[in-house]
Trainee: 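Please see the structure below; I have some questions.
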2 protein chains.
Amino acid sequence: MQFEVLLSLLLCVFLALMDSTVRDVARRANVSISTVSRVLNNSAPVSEDKKRRVLKAIKELQFTPNPAARSLLGQATGTIGAILPHITGEFFADLLSGLDGAIKKHDYLLMVSASRRLERDFITALRGMYKRVDGLIIMAPELSAERVLTLIDSTVPVVFLNTHSATDGMFSINFDNRDGMVKIARHVADRGHTLAAFIGGPSDAFDAQERQQGFLETVPDGLRVICYPGDFTFESGYKNGQKILSLFPRPTVIVAANDLSALGAMRALLENGVSVPGEMAVTGFDGTRGAHFSTPSLTTVNVPIGELAANAVRVLVSQLSEESMETPPEITADLELIVRESSLKQYHPDSHAVV
Amino acid sequence: MQFEVLLSLLLCVFLALMDSTVRDVARRANVSISTVSRVLNNSAPVSEDKKRRVLKAIKELQFTPNPAARSLLGQATGTIGAILPHITGEFFADLLSGLDGAIKKHDYLLMVSASRRLERDFITALRGMYKRVDGLIIMAPELSAERVLTLIDSTVPVVFLNTHSATDGMFSINFDNRDGMVKIARHVADRGHTLAAFIGGPSDAFDAQERQQGFLETVPDGLRVICYPGDFTFESGYKNGQKILSLFPRPTVIVAANDLSALGAMRALLENGVSVPGEMAVTGFDGTRGAHFSTPSLTTVNVPIGELAANAVRVLVSQLSEESMETPPEITADLELIVRESSLKQYHPDSHAVV
DNA sequence: GAATTGTGAGCGCTCACAATT
DNA sequence: GAATTGTGAGCGCTCACAATT
C-alpha cells in the first residue's frame, strides 16, 4: 500500500516535469479533449463523474493551458499593456504600482514599457505589444491621444491617462493640472508674496503647459513672476534654484511644476544657507511621498495616483468584457492643495524689498 | 494617374484596418506562404524579385506576425518576466527601469508583477507568466532560490537577483550586503561613536539579515549597539527614530538597513530639533537618489542597481540564445561606501556620556 | 427528444519534405 | 544536381456540428 502511494507520487513528479497538453489530460481522464476544454472553460455541462476525472488528471499532470494557443483562437491574452514616459521616479513608480495592483485584481497580467518621451521608443513599444495585449493604458503627455491613435494600426481598446485629447469619446482619465496650479497661485498670493520664480516642466508636455498657464493666469497683478524652463527632474530644480538665488531682487517663493524639481530647488536653497520658508518659500506639484518626507515638508497639490490607476484599469477592463459603460468615458479628477512647512510663512508686500 | 495613387492609398488604409496574415501577404505578393515565412525569418534564400514583392506586400498590408502563432511553434514569446517584491519605492523603481532599458536593448518585452512579499501573490504571478515569457528574473529575498524553483513547474530559465541560494550552479546576480554593512560599521567606529542604534529590515529577508549580521559582527567592543526591528519603509524609520530619541543615554548614530528607513529616522530627528550630524549621525544603505538629495545628504552604501539589472538581463538573454556562458553564472557585486554630510562629524569616546 | 459526449476543422504560423526550375 | 519554391502537417487549443446515450 505504502509502495503504491510512493509510486504514484513519483509518477506525478515525472509527468509534471514535461509540459502537458489537453491531449494528455484527456487520455489520462479517459475522455475527449473537448470535454477537457469544457471543464476548463465551464462552457458546457459535463457529467459529475467525468468532471472529477478531468480535474484529477489536471492536478496530477499540473496542467496549465497554453496561453498562446488560447489567444490564437479567441484573441484574449489576459494581458494589459502600459506605456508610460518613464518608470523611474516616484510619480511613475507609484502609478505603475497602482496599475499592477488593479490589474491583478482583475486577473490580468501587466506588460510595461517606458517611452522615455521618444516617439521612436513609443512606436517600438506599441509594435511590440501588438497582439500580445488585450488593451492598452497609455500616458503620453508629450503626444496627444489623436497622435497616438494614428500610430496604432490595429483596433485594441485604449485608455489614456493624463494625455491631451481634443476629440470627444476617448476613454481618458485625467486630472485637472490647471486647477491644481490655480490653487497654488491663490495660496502663494494669500501669503503676500510679490515676486515669484516659476520652474516649468518640459515645454512639449501638455501637463507642464497647463500647470504653467494655470499659475500665470491666476496670479494677481501685484505678484510678478519670472519663469525658468525645466524638465521635471531634481537636477533641473537644483540648477534653477541656484540661478534664482543670484537674482536681485530675490523672489520670496519658488513655484515648481512638480515635486521633484521643487525638492531640487529646495536643496539648492538649503545648501546655500537660505532658510525655507523663512527667507524663501517653495511649492511643488504631485503629492509624492518625497514631498511629505522632506525637511521642511513641501507644500504641494495631491494627485491621487492610485485612484487614477485603478480608474484606468477599471474603464479598460469593462471595455474588454464588453459591458456597457455606465460611467462617462472621460474622467477628470480634482486635486487637493496640501499646505506644509515649506510655504507656511506669511510675507508682506514690502518685505522682499528689504532683502 | 493622380486618381490611381489616391485609390491605392485608400486601398492600403482599408487593408491595414483589418489584421492581415501571412496568407494575405502571400496572396498579394503572389507567392506561397512559406516564402513569406522565409523572408520574415530570413531562414532560407529567396530570389530578389520575390523578396521585394513580399516586403512590399508586408508594408502595404502593415502586416505584423501574430506572436501567439509563433510562440505556439517555437515557444519563443519575445517576453521576459520579472517578479519583484515591490514596484514602488526608489530602489525597485530604479531596478525596474534598469530592467526595462536592458530588455529593450535585446528586443524583448517586459512583463512585471509585484509579489508584495506574499507567497500567494508570488505563485499567482508565476502561474500567470507560465508560457507567456521565455525567461524569468526573480528577486525574492524573503524566499530562497531553492524554494522558488520548487514553485516553478516548467523549465523556464531563471536568473535570481539578490535572492539567497545555497546550491551551486544557479544563475544569480547578487551584491555583497554583508560587506556593505561591514564598511558602514568601520566608518561608524572610525568616527568615534560608542553607542549606536540599528534599524533592521524585515526579519525574513535574507538581505536584511546579512546587513544586520555584517554590522553586528564588525562593530568593535567599544561600540554598543541597540537593535530595532523595521521593514525597510520610511515609516518604520520614522517611528524607530522617535523611540531612539527617548533613550538615555542617547546613541550618537543611527545605522539603518536601507536608505528609506534612514531618511525616516532622520526626519524624526530633524522634526525634534536634533541636528544631524551635530548631535546624531545617520547612515543608510542602497545609494538611492533620495539619499543624495536629502538635507543633510545621507551617508550610504551604493548598490549599482542599473548595472545589476543589466547583468541579470544579459545572463538571461545569453541563456535564451543558448550561447555558452563565458562568465560564471554567479555574480556578486562589490559595494562602495559613500560618505556624506549625515555622518561627517567626529565623535570622541567620551562625548556621548555628557549628552 | 433532451442531455451529454466526441469528431474534425481551423486560429496563424514554421518546418520537413517534395516538387519545381 | 544545386538553387529556389510550394505542399502539407502540426504546435495546443476552442468551437460548430454530429453522434451518442
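Just so we're on the same page: letters track the sequence lines, and every chain starts at 1. Atoms considered below: every heavy atom in the structure, side chains included; atoms not considered: hydrogens, waters and symmetry mates. Note that the coordinates shown come from a computational prediction; the quantities given were computed from them, not determined experimentally.
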Trainee: Using whole Å, what does the distance between atom P of nucleotide C/dT14 and atom CD1 of B/Ile33 come to?
Mentor: 9 Å
Trainee: Write down the distance between NZ (A/Lys51) and P (C/dA3), rounded to a whole number of angstrom.
Mentor: 16 Å
Trainee: Taking only the side-chain nitrogens and oxygens of A/Ser37, find out if one of them lies under 4.0 Å from OP1 or OP2 of D/dT14.
Mentor: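 Answer yes for this pair, as a side-chain N or O of A/Ser37 is under 4.0 Å from OP1 or OP2.
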Trainee: Quick one: is B/Ser32 getting a side-chain N or O under 4.0 Å of the D/dT7 phosphate, OP1 or OP2?
Mentor: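 No, outside the criterion.
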Trainee: Find the distance A/Asp49:CG to D/dT21:C1' and express it as a whole number of Å.
Mentor: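 Result: 14 Å.
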Trainee: Tell me the interatomic distance from B/Phe63, atom CZ, to C/dT14, atom C1', rounded to whole angstroms.
Mentor: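 Going from CZ in B/Phe63 over to C1' in C/dT14 covers 12 Å.
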Trainee: Compare the minimum distances between each of D/dC13, D/dT14, C/dG6 and the side chain of A/Lys50, then state the nucleotide with the smallest one.
Mentor: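 That would be C/dG6.
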Trainee: Ignoring the backbone of B/Thr21, work out which of D/dG6, D/dT14, C/dG12 is nearest its side chain.
Mentor: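 Looking only at side-chain atoms, B/Thr21 lies closest to C/dG12.
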Trainee: Indicate yes or no for a side-chain donor-acceptor contact from B/Ser97 to the backbone of B/Ala93 under 3.5 Å, with no hydrogens or angles considered.
Mentor: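 Checking the backbone N and O of B/Ala93 against the side chain of B/Ser97, no donor-acceptor pair under 3.5 Å is found.
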Trainee: Hey, are the side chains of A/Asp94 and B/Thr88 touching, using non-hydrogen atoms and a 4.5 Å cut-off?
Mentor: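 A side-chain contact exists here, since the closest heavy-atom pair is under 4.5 Å.
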Trainee: Once you round it to whole Å, what is the distance between C1' of D/dG8 and CG of B/Leu73?
Mentor: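 For the pair B/Leu73 CG and D/dG8 C1', the rounded distance is 14 Å.
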Trainee: Less than 4.0 angstrom between a side-chain N/O of A/Ser47 and OP1 or OP2 of C/dA3, yes or no?
Mentor: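 No, because none of the side-chain N or O atoms of A/Ser47 sits under 4.0 Å from OP1 or OP2 of C/dA3.
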Trainee: Out of D/dC13, C/dG6, C/dC15, which has the shortest distance to the side chain of B/Ser34?
Mentor: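 Minimum distance to the B/Ser34 side chain belongs to C/dC15.
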Trainee: Mind calculating the distance between CZ (B/Arg27) and C1' (D/dT7) to the nearest angstrom?
Mentor: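 Taking CZ of B/Arg27 and C1' of D/dT7, I get 16 Å after rounding.
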Trainee: Given atom CZ of B/Arg23 and atom C1' of D/dG6, what is their separation to the nearest angstrom?
Mentor: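 Interatomic distance, CZ of B/Arg23 to C1' of D/dG6: 13 Å.
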Trainee: Verify, without hydrogens or angle tests, whether B/Thr163 (side chain) and B/Ala140 (backbone) share a donor-acceptor contact under 3.5 angstrom.
Mentor: yes
Trainee: What nucleotide, of D/dG6, C/dC13, D/dT4, holds the atom closest to the side chain of B/Pro45?
Mentor: D/dT4
Trainee: Closer than 3.5 angstrom, by distance alone: can the side chain of B/Arg132 be matched with the main-chain N or O of A/Pro67 as a donor-acceptor pair?
Mentor: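 Here the side-chain-to-backbone pair does not exist.
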Trainee: Given C/dT4, C/dC11, C/dC13, identify the nucleotide with an atom nearest to the side chain of A/Leu72.
Mentor: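 That would be C/dC11.
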Trainee: Applying a 4.0 Å non-hydrogen cut-off, can you work out what A/Val36 is touching in the nucleic acid: base, sugar-phosphate, or nothing?
Mentor: nothing
Trainee: With a 3.5 Å limit on both atom pairs, tell me what C/dT20 is paired to, counting Watson-Crick and G-U wobble, or say none.
Mentor: D/dA3
Trainee: Is the shortest heavy-atom distance from the side chain of A/Arg38 to the side chain of A/Val31 under 4.5 Å?
Mentor: no
Trainee: In this structure, how many angstroms lie between the P atom of C/dG12 and the CG atom of B/Asn66, rounded?
Mentor: 7 Å
Trainee: By nearest heavy atom, map B/Ser43 and A/Ala44 onto DNA chain C; which one lands nearer the 5' end?
Mentor: A/Ala44
Trainee: For B/Arg38, answer base if it contacts any base atom (sugar-phosphate contacts may also be present), sugar-phosphate if it contacts only those atoms, and nothing otherwise; contact means non-hydrogen atoms under 4.0 Å.
Mentor: base
